[in-house]
Amino acid sequence: MPQRETQPILIVEDSEDDFEATIRAFKRANLKNPVHWASSGYEALELLETMPRPGLILLDLNMPGLDGRKTLEMIKSNENWRKIPVVILTTSDDERDIEGCYALGANTYVQKPVDLDGLFAAIQRLKEYWFEIAILPLEG
């Protein structure tokens with residue numbers, strides 16, 4: 001199996017419905033990578049300590065507790081995790097969120113499509129870019 005298909009993806013999303021929709025979109029896009037789910041920022045940081053290094057993190061911004069902005073800041077300030085690409089996948093199109101996330105080191109900012117077909121198309125494009133075009137770092 002190609003290395004790109006073995007790198008796990010960490011999805012940080014507090015909505016189980018949105019997580020399940022993303023998994024359906026992954027299947028439709030034929031994305032075979034193992035997926036880990038964290039339903040909060042705290043859970044994501046705990047998972048990053050124990051799981052194999054993810055090739056990509058999909059991060060929601062608006063979560064209770066440790067939100068996506070603070071989670072992003074903590075990931076990008078950690079020597080072991082800072083090179084992991086982080087894609088912000090959120091409903092917010094607020095310019096302050098966009099600017100702030102890029103300032104904190106986000107690699108891409110994607111507004112979550114409101115319908116399932118839009119999500120499928122967005123995930124297909126993410127797959128094509130992050131797992132077919134871009135070369136991802138393997139280790140720290």
Side-chain angles (χ1 to χ4, degrees):
M1 187 178 292
Q3 169 263 320
R4 292 175 179 201
E5 290 184 10
T6 62
Q7 283 184 293
I9 298 169
L10 175 58
I11 300 175
V12 187
E13 168 61 66
D14 63 317
S15 164
E16 188 171 355
D17 289 343
D18 286 358
F19 170 73
E20 293 295 335
T22 304
I23 292 300
R24 284 197 304 277
F26 280 5
K27 287 181 180 157
R28 184 178 283 191
N30 203 26
L31 198 58
K32 298 181 183 346
N33 303 64
V35 174
H36 297 260
W37 177 35
S39 60
S40 71
Y42 293 115
E43 193 178 332
L45 297 175
E46 288 176 11
L47 264 175
L48 283 168
E49 293 284 353
T50 59
M51 70 179 276
R53 179 190 171 86
L56 186 67
I57 298 172
L58 297 181
L59 178 60
D60 184 28
L61 285 188
N62 300 313
M63 299 181 291
L66 188 67
D67 73 0
R69 296 157 198 81
K70 190 67 181 165
T71 303
L72 173 64
E73 184 179 350
M74 293 176 83
I75 290 169
K76 292 301 184 177
S77 65
N78 182 299
E79 186 68 35
N80 298 318
W81 306 333
R82 73 171 41 133
K83 291 181 187 171
I84 301 169
V86 178
V87 173
I88 304 300
L89 188 59
T90 185
T91 54
S92 172
D93 64 352
D94 187 310
E95 192 61 38
R96 292 168 299 188
D97 284 337
I98 297 165
E99 292 286 333
C101 287
Y102 280 116
L104 291 171
N107 298 85
T108 302
Y109 191 103
V110 177
Q111 187 179 15
K112 233 184 252 181
V114 292
D115 65 358
L116 212 47
D117 287 337
L119 179 64
F120 289 159
I123 293 297
Q124 178 66 41
R125 288 195 290 281
L126 281 172
K127 176 205 176 210
E128 289 166 359
Y129 179 76
W130 288 106
F131 291 97
E132 295 173 12
I133 295 171
I135 298 173
L136 302 176
L138 289 175
E139 294 301 325

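Basis for what follows: all heavy atoms, side chains included, without hydrogens, waters or symmetry-related copies.
- For the pairing with Ile57, the side chain to side chain contact (heavy atoms under 4.5 Å, CB included) check across Val87, Ile11, Thr71, Leu48 returns one residue only, Leu48.
- Under the 4.5 Å side-chain contact rule for hydrophobic residues, Leu116 and Val114 do not share a cluster.
- Between Arg53 and Lys83 the shortest side-chain heavy-atom distance falls below 4.5 Å.
- The closest side-chain heavy-atom distance from Lys27 to Ile123 is not below 4.5 Å.
- Annotation: the span from Ser40 atom OG to Asp60 atom CG amounts to 11.5 Å, rounded to 0.5 Å.
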- Carefully, step by step, assess Met74 and Trp81 under the rule side chain to side chain contact (heavy atoms under 4.5 Å, CB included). CA-CA 9 Å; Met74 293 176 83; Trp81 306 333; 5.7 Å; no

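- Inter-residue side-chain proximity for Leu56 and Asn33 is flagged as unmet; no heavy-atom pair is nearer than 4.5 Å.
- Looking at heavy atoms from C-beta onward, Thr22 lies out of side-chain contact with Val35 at the 4.5 angstrom threshold.
- The shortest side-chain heavy-atom distance between Trp130 and Leu31 does not fall under the 4.5 Å cut-off.
- Between Asp94 atom CG and Glu99 atom CD the span is 10.5 Å, to the nearest 0.5 Å.
- Across all non-hydrogen atoms, the minimal contact from Ala106 to Ile88 is CB-CG1, 3.8 Å.
- Note on Leu89: it does not cluster hydrophobically with Ile75, by side-chain heavy-atom contacts below 4.5 Å among ILVMFWY residues.
- A donor-acceptor contact shorter than 3.5 Å is absent between the side chain of Gln7 and the backbone of Pro54.
- Salt-bridge check for Lys70 with Glu73: passed, with a basic side-chain N closer than 4.0 Å to an acidic carboxylate O.
- For Tyr102 (side chain) and Tyr109 (main-chain N/O), a donor-acceptor pair under 3.5 Å exists by modelled atom type.
- Between Arg28 and Asp117 the shortest heavy-atom distance is NH1-OD1, 4.2 Å.
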- Worked check of side chain to side chain contact (heavy atoms under 4.5 Å, CB included) between Thr91 and Leu61: CA-CA 8 Å; Thr91 54; Leu61 285 188; over 6 Å; no

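- Taken from CD1 in Ile23 to CD in Glu20, the straight-line distance is 7.0 Å, to the nearest 0.5 Å.
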- Item | Audit row: Glu43, Leu66, side chain to side chain contact (heavy atoms under 4.5 Å, CB included) steps and yes/no | CA-CA 9 Å; Glu43 193 178 332; Leu66 188 67; over 6 Å; no

- Query: Passes side chain to side chain contact (heavy atoms under 4.5 Å, CB included), Glu13 versus Lys112? Steps please.
  - Reply: CA-CA 12 Å; Glu13 168 61 66; Lys112 233 184 252 181; 2.7 Å; yes

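- Scanning all heavy atoms of the two residues, the minimum distance from Val12 to Ala44 falls at CG2-CB, 3.6 Å.
- For the residue pair Pro8 and Pro52, the shortest heavy atom distance occurs at CG-O, 3.7 Å.
- Here the closest non-hydrogen pair linking Gly118 and Asp115 is N-OD1, 2.9 Å.
- Between Leu104 and Lys76 the shortest side-chain heavy-atom distance does not fall below 4.5 Å.
- Note: Leu72 CG to Asp67 CG = 10.0 Å, rounded to the nearest 0.5 Å.
- Screening residues 11-35 for ring pair (Phe, Tyr, Trp, His ring centres under 6.0 Å) gives Phe19-Trp37 as the qualifying pairs, with residues at least two apart or on separate chains.
- Residues Val110 and Arg125 have side chains not in contact (no heavy-atom distance under 4.5 Å, counting atoms from C-beta outward).
- Of all the heavy atoms in Leu59 and Gly68, the pair that sits closest is CD2-O, 3.4 Å.
- Between Tyr42 and Met63, the closest side-chain pair of non-hydrogen atoms is not below 4.5 Å.
- The distance from atom OG of Ser39 to atom CG of Leu47, rounded to the nearest 0.5 Å, is 9.5 Å.
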